[in-house]
Amino acid sequence: MSETATHLGSGKVRELYALDDERLLLVASDRISTFDVVLPTAIPDKGRVLTGLSAFWFAQTKDIVPNHLISLRADGRSLECRRLEMLPVEVVVRGYLSGSGWKDYCLTGSVCGHTLPAGLRESERLPEPIVTPATKATTGHDLNIDEEEAARLCGAARYAIAREAALGIYRYGEQHAARRGIVVADTKFELGVDAAGQVVLGDEALTPDSSRFWPADVYEPGRPQPSFDKQFVRDWCETTGWDKTAPGPELPDDIVAGTRARYIEAFERLTEIPFAQYLADPQIVLA
Ligand code: PZK
């Protein structure tokens with residue numbers, strides 16, 4: 001017996017299928033992107049690591065906010081999800097000053113309408129996490145907006161619920177990860193509304209693709225931080241003279257192996273489950 005799935009769309013490294021009117025299938029590939037380009041070389045098991053982590057966080061945070069997860073498939077890389085009416089904004093939570101947040105702060109002293117203390121350094125921990133929404137721009141790049149604009153786009157009541165949910169999950173995940181040596185600098189959530197009108201967490205949750213993960217042991221404000229997962233790839237790409245336009249370079253075997261090991265290390269630190277055990281029985285992350 002098998003179900004048919006209709007391909008609905010592709011993300012840079014994931015595929016989305018419809019199973020029926022109520023259910024979607026999110027499939028994480030082993031593709032990796034860096035400098036916004038998908039590389040021609042896969043990282044074996046990356047999709048399983050990200051799917052397992054997402055499922056782990058969905059299970060851990062379901063009492064903070066309901067989520068779209070129905071089931072984790074036995075392949076370890078596919079999530080059956082409830083179909084939602086997605087909100088037209090991405091809800092980014094930042095606990096540290098990095099990326100576009102750092103750029104905007106340098107230029108204006110504020111980030112998405114949040115005025116921050118003067119004198120903060122790159123990668124510095126913020127006094128408290130801030131919510132910095134974004135919309136999908138037509139260029140493919142996200143466009144930061146302030147929370148007033150997000151409230152207009154979503155409806156004020158809905159946005160208020162979504163932002164509190166996002167803050168709650170970020171705080172939970174950031175604390176959990178910090179105790180295991182990983183700084184979650186920021187993370188992007190996508191939320192939607194279910195058939196009953198409830199705000200529900202969708203997409204992926206607190207993965208290295210939707211977040212900035214930094215190794216806590218070398219964390220030091222005042223400079224950019226190395227990526228927990230992608231730093232080998234970035235550093236190697238920088239040695240090649242690649243101009244960072246598509247197509248990217250093929251990765252050598254040692255860079256693939258080192259990067260795969262970092263993804264698995266993130267999985268094992270955060271879930272406290274050996275990755276081999278996940279491969280044998282993915283449902284273990286839901287316990
Ligand atoms: C939904 N995307 C992003 C695009 C991907 C992912 N539960 C949901 N209900 C309705 N729509 C979506 C979801 C989720 N998650 C997610 N677009 C729509 C996307 C392409 C590939 F893997």
Side-chain angles (χ1 to χ4, degrees), residues 3-33 36-39 42-43 45-62 64-73 75-93 133-143 150 153-155 158-159 161-163 165-166 169-170 173 187-211 229 246 263 282 285-286:
E3 291 175 293
T4 55
T6 306
H7 189 238
L8 290 182
S10 301
K12 275 205 299 249
V13 302
R14 295 181 305 160
E15 303 297 332
L16 183 64
Y17 299 87
L19 295 173
D20 58 38
D21 288 349
E22 283 95 42
R23 295 178 308 143
L24 299 176
L25 190 68
L26 269 173
V27 183
S29 74
D30 291 339
R31 297 193 294 272
I32 186 169
S33 73
D36 267 332
V37 174
V38 177
L39 300 181
I43 306 298
D45 291 320
K46 173 177 176 281
R48 288 188 180 89
V49 165
L50 268 66
T51 296
L53 267 179
S54 232
F56 170 79
W57 292 119
F58 282 141
Q60 294 285 311
T61 63
K62 66 182 195 310
I64 301 175
V65 60
N67 61 67
H68 69 165
L69 178 62
I70 299 169
S71 67
L72 168 57
R73 287 199 165 173
D75 64 8
R77 67 165 71 250
S78 315
L79 299 177
E80 291 187 19
C81 301
R82 288 190 284 151
R83 209 165 187 159
L84 307 171
E85 191 74 51
M86 300 306 288
L87 299 182
V89 304
E90 303 178 341
V91 182
V92 178
V93 182
T135 56
K136 291 279 185 199
T138 42
T139 63
H141 260 102
D142 299 342
L143 184 70
L153 290 168
C154 299
R158 249 171 209 175
Y159 180 71
I161 295 167
R163 62 128 25 219
I169 299 169
Y170 174 78
T187 193
K188 178 195 81 172
F189 296 107
E190 297 193 27
L191 298 102
V193 178
D194 70 9
Q198 297 303 297
V199 172
V200 173
L201 178 62
D203 199 57
E204 58 186 329
L206 290 164
T207 71
D209 278 7
S210 64
S211 319
D229 45 297
Y263 279 105
V285 294
L286 303 178

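Hydrogens, waters and symmetry mates play no part in the numbers below; they use all other heavy atoms, side chains included. Predicted model, so just to flag it, every value in this text is computed and none were measured. Counting starts at 1 for both ligands and their atoms, following the listed order. For the single chain, residues carry numbers from 1 onward in sequence order.
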- Could you check Ser210 against Thr207 for side chain to side chain donor-acceptor pair (under 3.5 Å), going step by step and ending with a plain yes or no? CA-CA 5 Å; Ser210 64; Thr207 71; 3.2 Å; yes
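- Side-chain polar atoms of His68 and Asp194 form no donor-acceptor pair below 3.5 angstrom.
- Applying the side-chain contact (heavy atoms from CB on, under 4.5 Å) rule to Leu25 yields the partners Tyr17, Leu19, Val27, Arg73, Ser78, Glu80; only residues at least two apart in sequence or on another chain are considered.
- Residues satisfying the side-chain contact (heavy atoms from CB on, under 4.5 Å) test with Ala195, not counting sequence neighbours, are none.
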- Would Asp21 and Arg83 count as a salt bridge (charged side-chain N to carboxylate O under 4.0 Å, His left out) if you check the C-alpha gap in whole Å, the side-chain angles of each, and the deciding distance to 0.1 Å? CA-CA 8 Å; Asp21 288 349; Arg83 209 165 187 159; 5.0 Å; no
Tabulation required: pairs of a nitrogen or oxygen in ligand 1 and a protein nitrogen or oxygen under 3.5 Å; columns are atom names and distance to 0.1 Å; otherwise 'none'.
residue: ligand 1; atom: 7 (N); partner: His68; partner atom: ND1; Å: 3.0
residue: ligand 1; atom: 7 (N); partner: Arg82; partner atom: O; Å: 2.8
residue: ligand 1; atom: 9 (N); partner: Leu84; partner atom: N; Å: 2.8
residue: ligand 1; atom: 9 (N); partner: Leu84; partner atom: O; Å: 3.4
residue: ligand 1; atom: 15 (N); partner: Asp203; partner atom: N; Å: 3.1

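- The salt bridge (charged side-chain N to carboxylate O under 4.0 Å, His left out) search around Glu204 returns none, not counting sequence neighbours.
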